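All remarks here apply to the structure that follows.
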Amino acid sequence: MAAKQEDDLMLFFNNALKKMYWAEKNIERLLDQMHVEAFSINLKNTIEIHQLQTRRHIQRLEQVFKERELKPEGRFCEALKGLLNDAMVGFSDTVRKTRIRDVAISTCLLKITHYEMATYTMLIHMAQAIGWHAIVDLLHQNLAEEKEIVTELDRRPY
């Protein structure tokens, strides 16, 4: 890869990394709210799993920043902001402590998790292209856990 292309790819990666860090931090806060709002014990348990995984994702992203010799910092992510707004609409359009609210929460979690999976896949491809094997391993761990959440939601959403 030409030096200019590699520099551009590193810059693109760094920006995407910062957006994902911002996303994970905001997802962490949303999951706290979803846990309070969820009605079914199955959904509450799935959210608890996702909360633990999200904390690990943030820690791994901080390791990626360290590997890149960058300060961990978030960058506003318009895509996730839209998904967060969608979650708020789901809360306001449904009655608390009902299955309908659980459907809204589960649907929102699926949308967010698929966004995360797509972003982690993109970050992995860029890191592979540059040859950052340690970073690829960290990102693969996050991607695998996101896939576990989708499986969990598919198996017993509420």
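Atom set for the values below is all heavy atoms of this structure, side chains included, hydrogens, waters and symmetry mates excluded. As the structure is a prediction and not an experimental result, all values here were calculated from the model.
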Any side-chain heavy-atom pair of F12 and M122 under 4.5 Å = yes
message = If you compare all heavy atoms of I149 against all heavy atoms of T46, which two are closest, and at what distance to 0.1 Å?
response = CD1-O, 4.1 Å
inquiry  = Please evaluate residues L110 and D154 with respect to the criterion side chain to side chain contact (heavy atoms under 4.5 Å, CB included), reporting the C-alpha separation (whole Å), side-chain torsions for both, the decisive distance (0.1 Å), and the verdict.
reply    = CA-CA 9 Å; L110 282 169; D154 286 344; 4.3 Å; yes
request  = Report yes or no: do L9 and L70 belong to one cluster of Ile/Leu/Val/Met/Phe/Trp/Tyr joined by side chain heavy-atom distances under 4.5 Å?
outcome  = yes
task = Take R96 and V36 through the side chain to side chain contact (heavy atoms under 4.5 Å, CB included) test and state the conclusion after the steps.
result = CA-CA 10 Å; R96 291 190 77 195; V36 170; 4.0 Å; yes
note = Rounding to 0.5 Å, atoms CD (Q5) and CD1 (I130) come to a distance of 11.5 Å
ask   = Any donor and acceptor pair, going by atom type alone, linking the side chain of T98 with main-chain N or O of T94 inside 3.5 Å?
value = no
task = Could you please spell out the steps behind the side chain to side chain contact (heavy atoms under 4.5 Å, CB included) verdict for I47 and D32?
result = CA-CA 8 Å; I47 292 168; D32 292 340; over 6 Å; no
inquiry  = Counting C-beta onward and ignoring hydrogens, is there a side-chain heavy-atom pair between N45 and I41 closer than 4.5 Å?
reply    = yes
ask   = Less than 4.5 Å apart, any side-chain heavy atom of Q33 and any of M88?
value = yes
message = Counting only heavy atoms not in F76 (residues, nucleotides, ligands), do more than 12 fall under 6.0 Å from its CZ?
response = yes
request  = Spell out, as yes or no, whether a donor-acceptor pair under 3.5 Å connects the side chain of D102 to the backbone of A38.
outcome  = no
Of E152, E148, E146, M34, the residue whose pairing with H50 passes side chain to side chain contact (heavy atoms under 4.5 Å, CB included) = E146
remark   = Those residues at least two apart in sequence (or on a different chain) that pass ring pair (Phe, Tyr, Trp, His ring centres under 6.0 Å) with Y21 are F65
V89 backbone acceptor or donor facing S92 side chain under 3.5 Å = yes
message = For the NZ atom of K19 and the CG atom of L123, what is their distance to the nearest 0.5 Å?
response = 11.0 Å
message = Once rounded to the nearest 0.5 Å, what's the spacing between atom CG of L80 and atom CD of E24?
response = 9.0 Å
Nearest-0.5 Å distance that lies between atom CD in E145 and atom CD in E116 = 10.5 Å
query = With a 4.5 Å heavy-atom cut-off, do F39 and I105 have their side chains touching?
reply = no
request  = Give a yes or no answer on whether the side chain of R101 reaches the backbone of F91 with a donor-acceptor pair at less than 3.5 Å.
outcome  = yes
request  = Answer yes or no: is there a donor N or O on one side and an acceptor on the other, between the side chain of K44 and the main chain of H35, under 3.5 Å?
outcome  = yes
request  = To the nearest 0.5 angstrom, please state how far the CG atom of L153 sits from the CG atom of L43.
outcome  = 7.0 Å
ask   = Can you find a pair of side-chain heavy atoms, one from Q141 and one from Y120, that are under 4.5 Å apart?
value = no
inquiry  = side chain to side chain contact (heavy atoms under 4.5 Å, CB included), that's the test. Do I100 and V95 meet it? Break it down for me.
reply    = CA-CA 7 Å; I100 300 299; V95 177; over 6 Å; no
query = What salt bridge (Lys or Arg N to Asp or Glu O under 4.0 Å) pairs are there with at least one residue in residues 78-88, not counting sequence neighbours?
reply = D86-K111
task = Search all heavy atoms of H57 against all heavy atoms of N142 and return the closest pair with its distance.
result = CD2-OD1, 3.1 Å
Connected via hydrophobic side-chain network under 4.5 Å: L52 and I112 = no
Minimum-distance pair of heavy atoms, taken over all atoms of G90 and A104 = O-CB, 4.0 Å
request  = Please check if atom NZ in K97 has more than 12 non-hydrogen atoms from other residues, nucleotides or ligands closer than 6.0 Å.
outcome  = yes
ask   = So how far is it from L83 CG to N26 CG, rounded to the nearest 0.5 Å?
value = 11.5 Å
